[in-house]
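Order of the sequence lines fixes the chain letters, A, B, ..., with proteins taken first and strands second; residue numbering starts at 1 for each chain. Hydrogens, waters and symmetry mates play no part in the numbers below; they use all other heavy atoms, side chains included.
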2 protein chains.
Amino acid sequence: MSQLLPVVPADAPVATGDWAGSVRLTFRRGEEIYAQDEDADLIYRVVRGSIRTTHLQSDGRRQIGDFYYVGDIIGVEVGDVHRFSAEALTDCDVLALRRAGSTAYEPGRVQQMIWAATATELRRTQSHMLLLGRATACEKVARFLMDIADRFRGEFVILPMSRQDMADYLGLTIETISRMLGRLQADGVIEFSGSRKYRVRRPGCLSEMAAA
Amino acid sequence: MSQLLPVVPADAPVATGDWAGSVRLTFRRGEEIYAQDEDADLIYRVVRGSIRTTHLQSDGRRQIGDFYYVGDIIGVEVGDVHRFSAEALTDCDVLALRRAGSTAYEPGRVQQMIWAATATELRRTQSHMLLLGRATACEKVARFLMDIADRFRGEFVILPMSRQDMADYLGLTIETISRMLGRLQADGVIEFSGSRKYRVRRPGCLSEMAAA
DNA sequence: CGGGGCCTTGATGCTGTTCAAATAGAGTGG
DNA sequence: CCACTCTATTTGAACAGCATCAAGGCCCCG
């Protein structure tokens with residue numbers, strides 16, 4: 001609400017191409033990129049690291065909107081203010097670009113990008129809604145692991161988020177998350193090396209349990 | 001999937017203004033306006049009655065996307081096909097308009113309308129996601145009753161949807177819906193006349209229970 | 001070596017589901 | 001208009017899944 005926008009140094013590095021006119025900003029793990037209820041003047045493109053968006057209710061309950069990785073665009077809002085806040089899950093760099101003319105429809109490079117990002121956001125939010133509506137804890141966790149794995153090239157997947165983040169994304173508790181992960185590992189579907197790194201041993205089995 | 005688009009008679013009534021070029025179509029209670037997985041060629045504006053959008057999963061579980069009333073626009077999709085189907089909750093009329101050029105960004109009347117409708121849809125889907133994520137059955141029902149009441153002028157609110165529709169919207173069962181409505185009525189917060197008509201007796205109390 | 005998060009594991013309880021049955025209500029034909 | 005049927009809704013009782021509460025273990029880092 002009352003947080004100041006990041007101050008941009010005059011000699012800050014500037015991107016070219018579609019993001020010409022943007023400014024590169026760096027955030028440390030845990031730092032806030034923008035706050036809930038803050039004016040939505042800027043949109044951001046992730047170029048390093050990963051980010052979560054969070055909605056906090058008055059009674060303290062927390063809902064994670066989504067997790068964003070390199071290439072994703074965040075900060076697109078329907079109204080004038082951010083409905084979610086954004087925090088860095090890891091150290092990260094973003095390109096920040098001023099939204100030219102509010103949400104009004106205008107031809108132009110930036111508007112076109114906002115339009116595309118809004119459409120993408122709608123699709124992701126719909127998927128998230130379907131996930132929260134009618135799925136068991138096991139299905140939720142299985143689909144989550146699948147979605148994350150699909151975004152990674154390599155065999156091993158690194159989770160940038162905590163169990164609490166996963167819980168607040170899926171509408172569960174950390175204990176339930178932990179138990180479901182344990183069960184999936186016991187069944188040989190996935191294999192963890194430490195708590196933040198896993199690989200999928202039986203993709204077919206995992207997608208069956210996801211049961212979309 | 002394989003359903004044909006509605007056949008438009010040559011002399012069908014045509015609207016003017018923003019919806020110039022659209023065709024008025026009439027559907028009976030229960031009829032399908034468009035199907036899940038069908039090509040999304042048209043967008044629709046509700047001019048009479050009410051409509052639900054539905055997503056059906058392979059295992060039969062059903063999730064209601066949203067409920068739409070006069071003035072709302074439905075059929076806007078991110079991809080090329082409908083992710084939800086739309087069915088008439090009551091007899092209803094819609095204006096159907098062809099999407100000019102896919103989802104590509106182009107200046108123009110229809111594109112501008114699609115853009116605005118997409119933004120509205122995103123906001124509604126976000127609210128729905130937050131509702132499904134972390135709310136008790138009582139909170140879900142209270143918020144639902146509030147949202148519906150906000151859309152009506154008069155003292156009494158008519159519910160066009162069944163208990164099953166409410167349940168599939170809120171991610172609950174019909175029994176739980178019925179019990180929560182009973183509890184709210186016993187507490188004097190709402191008052192039903194028959195199962196599809198109610199009025200809010202204590203708005204402050206209702207919004208407290210909604211606890212957004 | 002010690003401290004402090006974060007994560008896991010176990011025991012217990014509550015919320016919402018499931019199964020079953022009764023009741024109310026809407027539609028239909030006599 | 002009434003009786004009948006079929007569906008929608010309500011209500012009750014038992015159950016299941018996930019939450020809550022409470023320890024205990026792991027790991028990172030000083």
Side-chain angles (χ1 to χ4, degrees), chain A residues 28-30 52 59-64 87 89-91 131-145 158-187 190-198 209 211, chain B residues 28-30 52 59-64 87 89-91 131-145 158-187 190-198 209 211:
Chain A
R28 292 291 179 95
R29 183 169 173 309
R52 69 161 181 251
D59 59 4
R61 278 175 296 187
R62 204 177 71 138
Q63 175 70 50
I64 302 288
E87 296 111 29
L89 284 169
T90 64
D91 292 355
L131 183 62
L132 292 176
R134 296 210 166 277
T136 63
C138 191
E139 286 169 357
K140 285 178 177 180
V141 172
R143 278 186 58 180
F144 177 82
L145 293 175
I158 307 290
L159 292 172
M161 75 289 289
S162 69
R163 295 288 185 270
Q164 187 64 61
D165 290 331
M166 292 172 55
D168 289 341
Y169 177 78
L170 296 174
L172 299 168
T173 61
I174 53 173
E175 293 93 334
T176 299
I177 299 284
S178 187
R179 276 183 250 271
M180 295 302 145
L181 292 175
R183 182 193 298 181
L184 286 171
Q185 177 155 261
D187 293 350
I190 55 171
E191 181 181 16
F192 266 85
S193 319
S195 63
R196 299 284 188 111
K197 181 181 170 187
Y198 71 97
M209 310 193 79
Chain B
R28 292 287 179 98
R29 184 168 172 310
R52 66 161 182 252
D59 60 3
R61 279 176 296 188
R62 203 177 72 140
Q63 175 70 51
I64 302 289
E87 297 111 30
L89 285 168
T90 63
D91 294 354
L131 183 61
L132 292 176
R134 294 208 167 281
T136 64
C138 191
E139 285 169 357
K140 286 178 176 180
V141 172
R143 277 186 58 181
F144 176 82
L145 293 174
I158 307 291
L159 293 172
M161 74 290 289
S162 69
R163 294 288 186 270
Q164 187 63 62
D165 291 330
M166 293 172 55
D168 289 341
Y169 178 78
L170 297 173
L172 299 169
T173 60
I174 52 172
E175 293 93 334
T176 300
I177 299 284
S178 187
R179 276 183 251 274
M180 294 304 143
L181 291 176
R183 183 193 296 181
L184 286 171
Q185 178 156 259
D187 293 349
I190 55 171
E191 180 182 17
F192 267 84
S193 320
S195 63
R196 300 283 189 110
K197 180 179 171 188
Y198 71 97
M209 311 193 80

From [X] atom [atom1] to [Y] atom [atom2], the distance as rounded to the nearest 0.5 Å:
X      : Y      : atom1 : atom2 : value
A:T176 : A:R183 : OG1   : CZ    : 10.0 Å
B:L172 : B:S178 : CG    : OG    : 12.0 Å
A:L145 : A:M180 : CG    : CE    : 12.0 Å
A:M161 : A:Y169 : CE    : OH    : 9.0 Å
B:L170 : B:Q63  : CG    : CD    : 8.5 Å

Quick one: [X] [atom1] to [N] [atom2], roughly how many Å, whole number?
X      : N      : atom1 : atom2 : answer
A:I174 : D:dC26 : CD1   : P     : 18 Å
B:L181 : D:dT9  : CG    : C1'   : 10 Å
B:R163 : D:dT11 : CZ    : C1'   : 14 Å
A:I177 : D:dG17 : CD1   : C1'   : 14 Å
A:Q185 : C:dT8  : CD    : C1'   : 12 Å
A:D168 : D:dC18 : CG    : C1'   : 15 Å
A:R183 : C:dG10 : CZ    : P     : 14 Å
A:E139 : D:dA16 : CD    : P     : 18 Å

State, to the nearest 10°, the angle formed by the axis through the first five base pairs of the helix from C:dC1-D:dG30 to C:dG30-D:dC1 and the axis through its last five.
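About 40°, once rounded to a multiple of 10°.
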
5'-most contact on DNA chain C: A:M161 or A:R134, nearest heavy atom basis?
A:M161

Taking the nucleotide of DNA chain C with the nearest heavy atom to each, does B:R29 or A:F192 sit closer to the 5' end?
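Closer to the 5' end of DNA chain C: A:F192.
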
Between A:G194 and A:G171, name the one whose nearest nucleotide on DNA chain D is closer to the 5' end.
A:G171

Nearest of C:dG16, D:dT9, C:dC7 to any side-chain atom of B:T176?
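Minimum distance to the B:T176 side chain belongs to C:dG16.
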
Nearest to the side chain of A:S195 - D:dT9, D:dC18, C:dC7?
C:dC7

In a check of salt bridge (Lys or Arg N to Asp or Glu O under 4.0 Å) between A:D168 and each of A:R163, A:R62, A:R52, A:R61, which one passes?
A:R62

For B:L181 against B:I190, the heavy-atom pair lying closest together:
O-CD1, 4.0 Å

Under 4.0 Å from OP1 or OP2 of D:dT9: is there any side-chain N or O of B:R196 that close?
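Result: yes.
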
Across the strands shown, which category fits A:T173 at heavy-atom distances under 4.0 angstrom: base, sugar-phosphate, nothing?
base

Can you say whether a donor on the side chain of A:E175 sits under 3.5 Å from an acceptor on the base of D:dC21, or the other way round?
yes

Ignoring hydrogens and geometry beyond distance, is the side chain of A:R179 in donor-acceptor contact with the base of D:dT20 at under 3.5 Å?
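Per atom types, the contact qualifies.
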
